Asker: 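The structure that follows is given in the form of structure tokens.
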Amino acid sequence: MKVVAAACLVCLLGLASAARDLGTRPNMAVNPTHVKLVNEDLRSTWKAGESAFFQDKTFEEAKAMMGTRLDGDHTSDPIMTFDHIDDGEIPTEFDARTNWPGLIHPIRNQERCGSCWAFGAVESLADRFAIATNATSPVLSPEDLVSCDELSLGCSGGLVNLAWRYLEKEGAVTEKCFEYMAGDGHVPPCYIKIHGRCDSAEPLVKYKSKNYYRLSTVEDIQKAIMTGGPVEAGFLVHQSFFAYQSGVYSRAWWDFSDLVAGGHAIKIIGWGVENKVPYWLIANSWGPAWGLDGYFKIKRGVNECFIEETVYGGDPDLNHLA
Ligand SMILES: *[C@@H]1O[C@H](CO)[C@@H](O)[C@H](O)[C@H]1NC(C)=O
């Protein structure tokens with residue numbers, strides 16, 4: 001018996017390593033064959049590789065984290081334009097972190113929950129509060145939206161415009177008031193609503209957005225960021241994106257429809273040009289070990305992966321500051 005079991009273990013290990021050597025782990029989030037294809041392609045504007053964040057995740061698991069629906073109805077959302085700012089005033093490069101030192105909040109980690117829609121929204125609003133007051137502002141609670149926004153589906157997803165509607169109507173409490181707990185994929189009940197107080201000794205303060213609006217052109221997205229701070233955007237993730245490490249991302253030629261992972265929401269903090277390729281500079285919510293210290297760049301001006309189609313922001317309601 002022992003010999004058979006040992007022999008089987010050896011053959012299983014052998015098969016597993018053979019599969020790894022051939023690069024055939026198509027069910028993992030980061031496919032080694034894809035990494036090789038990207039890095040060996042001379043026309044590629046970005047580098048691919050493994051990351052700790054996706055090391056233990058299958059493609060199906062990673063797909064479940066793509067919690068932003070991009071098929072929502074945007075027609076009734078107000079559109080904000082910045083016609084009073086001349087296009088010529090838009091700088092070639094802009095980084096909110098250097099423009100407003102110390103006021104942009106650090107990279108966060110949504111973990112195993114499709115809550116990107118909530119992270120992108122509260123992170124943008126928190127930065128906007130800090131910028132509007134020229135003072136550091138508290139980290140805001142994605143858990144508030146994940147647990148309490150009844151129009152969204154918690155870890156199973158949400159819509160960018162509905163997240164902003166919630167921030168306008170209800171506002172978000174601070175992270176210290178209602179800490180992020182949904183990282184394991186389980187959504188806790190809405191503590192602040194049930195008990196009328198924080199899930200800690202903190203005072204209950206809601207950070208609200210006075211309004212919310214959609215930004216419908218590249219220039220308006222840029223003007224909104226350079227005047228008020230970061231904005232939230234949704235885009236369509238293909239499998240190659242999981243392997244992003246550096247450079248300016250654009251969808252790979254082999255990213256066919258079976259490799260579409262789903263909608264993902266993030267925070268745009270600036271833009272620039274790298275090796276003549278214009279890009280958006282973006283904060284992701286997959287922890288600081290993924291991508292460029294948690295950030296990434298994606299092609300700008302060509303609606304890459306629909307990144308310029310679902311962009312929202314709002315102005316912080318300073319009357320609701322404690
Ligand atoms: C913002 O605060 C910083 C540091 O306190 C100060 O140096 C700067 O002048 C302020 N900026 C504005 C626009 O008030």
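Side-chain atoms are counted along with the backbone in the values below, which use heavy atoms only and exclude waters and symmetry mates. For the single chain, residues carry numbers from 1 onward in sequence order. As the structure is a computational prediction, the values presented were derived from the model and not from experiment. Order of appearance sets the numbers: ligands from 1, and atoms from 1 within every ligand.
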Asker: Protein non-hydrogen atoms only, distance under 4.0 Å: does atom 11 (N) of ligand 1 have such a neighbour?
Answerer: yes
Asker: Can you check atom 5 (O) of ligand 1: any protein non-hydrogen atom closer than 4.0 Å?
Answerer: no
Asker: Using protein heavy atoms only, decide if any is under 4.0 Å from atom 1 (C) of ligand 1.
Answerer: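 Within 4.0 Å: yes, protein heavy atom nearby.
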Asker: For atom 8 (C) of ligand 1, what is the closest protein heavy atom, and at what distance to 0.1 Å?
Answerer: N134 ND2, 3.7 Å
Asker: Locate the shortest heavy-atom distance separating C305 from H238; write the atom from each residue and the value.
Answerer: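 Closest approach of C305 to H238: SG-ND1, 4.2 Å.
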Asker: Taking the six-membered ring of F53, is the NZ or CZ of K57 close enough (under 6.0 Å from the centre) and on axis enough (within 45°)?
Answerer: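 Because its charged atom sits under 6.0 Å from the ring centre and within 45° of the axis, K57 does stack over F53.
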Asker: Donor-acceptor check, side chain of Y180 to backbone of Q110, threshold 3.5 angstrom: yes or no?
Answerer: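 Indeed, once roles are kept as given, a pair shorter than 3.5 Å links the two residues.
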Asker: Within the structure provided, determine whether I269 and I282 are in side-chain contact (heavy-atom separation under 4.5 Å).
Answerer: no
